[in-house]
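Right, one structure below, let's go through it.
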Amino acid sequence: MAIQNTKGFQDFIVSQEMSDEKEKNIEQMIGAFSEYIVAVNPEYAYNKTYLSAYVKDFIQCQKALKLKYQILLDKILVRIFATGIEQECIINIDDVWKFEKGKVRLSNTFNPYIVKRHKLQLELELIHENGFVIAEEINIDDNYEKIIDACIATFIERRKEVLEDETE
């Protein structure tokens with residue numbers, strides 16, 4: 001896996017709850033920081049408007065990424081760890097959260113439009129010479145847990161078939 005350039009952002013997502021007050025503070029801080037940069041560096045190519053244009057998107061992404069991180073931890077990894085196959089699989093959500101070799105990492109680049117949707121693109125990959133991928137796009141609604149459970153059950157069953165074929 002490549003070096004993770006988003007460690008600080010990942011820590012922020014995981015550890016922060018985004019209240020209305022915090023949202024206003026972020027907007028204010030980014031505006032003030034932008035003005036500071038322009039004041040101390042007249043050659044700075046951007047103005048307050050440039051960074052401020054990203055605040056709403058940043059807040060929406062943070063909330064969506066946190067939700068999907070919690071789903072990964074609480075719904076997917078719990079089930080994978082219960083079966084003891086965590087070292088045999090790679091789990092990818094929205095091509096942004098990746099579980100591999102016992103670690104969850106935030107991708108260095110991602111598409112905010114995919115992240116902000118109320119859907120989850122789940123991929124479960126078996127690490128094996130005859131590996132496979134189970135992929136599903138899941139609406140995050142009242143029944144999403146059943147769909148995740150079905151994907152994991154399919155993955156476990158296919159894994160079992162692959163490993164049985166190997167011993168025959």
Side-chain angles (χ1 to χ4, degrees), residues 1-19 22-23 25-26 29-30 54-168:
M1 180 177 272
I3 294 172
Q4 183 185 16
N5 297 322
T6 54
K7 186 71 175 127
F9 186 39
Q10 178 175 333
D11 291 343
F12 179 79
I13 291 165
V14 170
S15 66
Q16 297 295 315
E17 290 297 327
M18 195 62 70
S19 66
K22 281 188 180 180
E23 286 180 30
N25 288 343
I26 286 173
M29 282 189 269
I30 289 174
Y54 288 92
V55 172
K56 190 173 193 170
D57 194 51
F58 170 77
I59 291 168
Q60 290 172 343
C61 276
Q62 191 275 346
K63 288 179 178 181
L65 286 166
K66 184 165 183 103
L67 171 64
K68 292 174 182 186
Y69 174 79
Q70 287 306 133
I71 291 170
L72 174 62
L73 286 186
D74 300 340
K75 308 298 180 203
I76 299 168
L77 288 179
V78 165
R79 190 91 193 274
I80 295 296
F81 279 116
T83 62
I85 61 171
E86 63 273 4
Q87 295 300 318
E88 299 174 20
C89 65
I90 297 172
I91 302 167
N92 196 330
I93 294 179
D94 288 352
D95 208 23
V96 67
W97 286 116
K98 189 172 202 172
F99 172 82
E100 182 177 24
K101 298 178 183 172
K103 294 183 180 179
V104 176
R105 295 186 183 209
L106 183 66
S107 177
N108 289 334
T109 60
F110 56 87
N111 184 331
Y113 302 104
I114 291 173
V115 168
K116 292 186 298 182
R117 295 180 319 151
H118 204 62
K119 295 182 179 191
L120 186 84
Q121 293 177 345
L122 174 62
E123 292 180 4
L124 303 166
E125 179 182 353
L126 179 66
I127 304 168
H128 187 274
E129 65 183 35
N130 296 321
F132 59 86
V133 175
I134 301 290
E136 186 76 39
E137 184 170 89
I138 304 166
N139 284 320
I140 302 174
D141 60 14
D142 294 335
N143 295 320
Y144 78 93
E145 291 179 46
K146 289 180 184 179
I147 298 167
I148 288 172
D149 286 345
C151 289
I152 293 170
T154 301
F155 179 81
I156 292 168
E157 188 59 36
R158 290 270 314 272
R159 174 193 166 275
K160 186 177 174 184
E161 289 170 8
V162 165
L163 296 178
E164 283 177 359
D165 287 347
E166 210 173 71
T167 60
E168 292 178 353

Are the side chain of D11 and the backbone of V14 linked by a donor-acceptor contact shorter than 3.5 Å?
no

Would you call K63 and E23 a salt bridge, using N to O less than 4.0 angstrom?
yes

Measuring from atom CD1 of I13 to atom CD of Q70, what distance do you get when rounded to the nearest 0.5 angstrom?
11.5 Å

Side-chain touch I26/M18, heavy atoms, less than 4.5 angstrom
yes

Counting N and O atoms only, with roles assigned by atom type, does the side chain of T6 sit under 3.5 Å from a partner on the main chain of F9, one being a donor and the other an acceptor?
no

Could you measure the distance from the NE2 atom of H118 to the NZ atom of K68? Nearest 0.5 Å is fine.
9.0 Å

Has Q10 got a side-chain atom pairing as donor or acceptor with V104's backbone, closer than 3.5 angstrom?
yes

Is the backbone of N108 close enough, under 3.5 Å, to the side chain of N5 for a donor and an acceptor to pair up by distance?
no

Can you tell me how far OH of Y69 sits from CG of L77, rounded to the nearest 0.5 angstrom?
9.0 Å

For atom CZ of F81, is the number of surrounding heavy atoms from other residues, nucleotides or ligands below 6.0 Å larger than 12?
yes

Smallest heavy-atom separation, P112 atom then F110 atom, equals CD-O, 3.4 Å

Shortest non-hydrogen separation from C89 to I80 and the atoms involved:
SG-CG2, 3.8 Å

Drop me the distance from L72's CG to I148's CD1, to the nearest 0.5 angstrom.
9.0 Å

If you count heavy atoms of other groups shown closer than 6.0 angstrom to NZ of K56, is the number above 12?
no

Output yes when a side-chain donor or acceptor of R159 lies under 3.5 Å from a complementary backbone atom of L126, and no otherwise.
no

Indicate yes or no for a side-chain donor-acceptor contact from Q62 to the backbone of Q16 under 3.5 Å, with no hydrogens or angles considered.
yes

Working note: Y144 + L120, criterion side-chain contact (heavy atoms from CB on, under 4.5 Å); need CA distance, chi angles, decisive distance, verdict.
CA-CA 9 Å; Y144 78 93; L120 186 84; 5.6 Å; no

Just do the side-chain contact (heavy atoms from CB on, under 4.5 Å) check on N111 and D95 with the steps written out, would you?
CA-CA 8 Å; N111 184 331; D95 208 23; over 6 Å; no

For K98, does its backbone N or O pair with a side-chain atom of N92 as donor and acceptor, under 3.5 Å?
no

Do R79 and K75 come close enough that some side-chain heavy atom pair is under 4.5 Å?
no

Test: D57 and K116 ion pair at under 4.0 Å
yes

Worked check of side-chain contact (heavy atoms from CB on, under 4.5 Å) between N139 and K119:
CA-CA 4 Å; N139 284 320; K119 295 182 179 191; 3.0 Å; yes

Do the non-hydrogen side-chain atoms of L122 and I147 ever get within less than 4.5 Å of each other?
no

The reported gap from CG in D74 to CD in E145 (rounded to nearest 0.5 angstrom) is 9.5 Å

Electrostatic pair E17:K66 at N-O distance under 4.0 angstrom:
yes

Note, W97 side chain near I76 side chain (heavy atom, < 4.5 Å)
no

What's the verdict on side-chain contact (heavy atoms from CB on, under 4.5 Å) for F155 and T83, showing C-alpha distance, side-chain angles and the deciding distance?
CA-CA 11 Å; F155 179 81; T83 62; over 6 Å; no

Which value, rounded to the nearest 0.5 Å, describes the distance between I140 atom CD1 and N143 atom CG?
13.0 Å

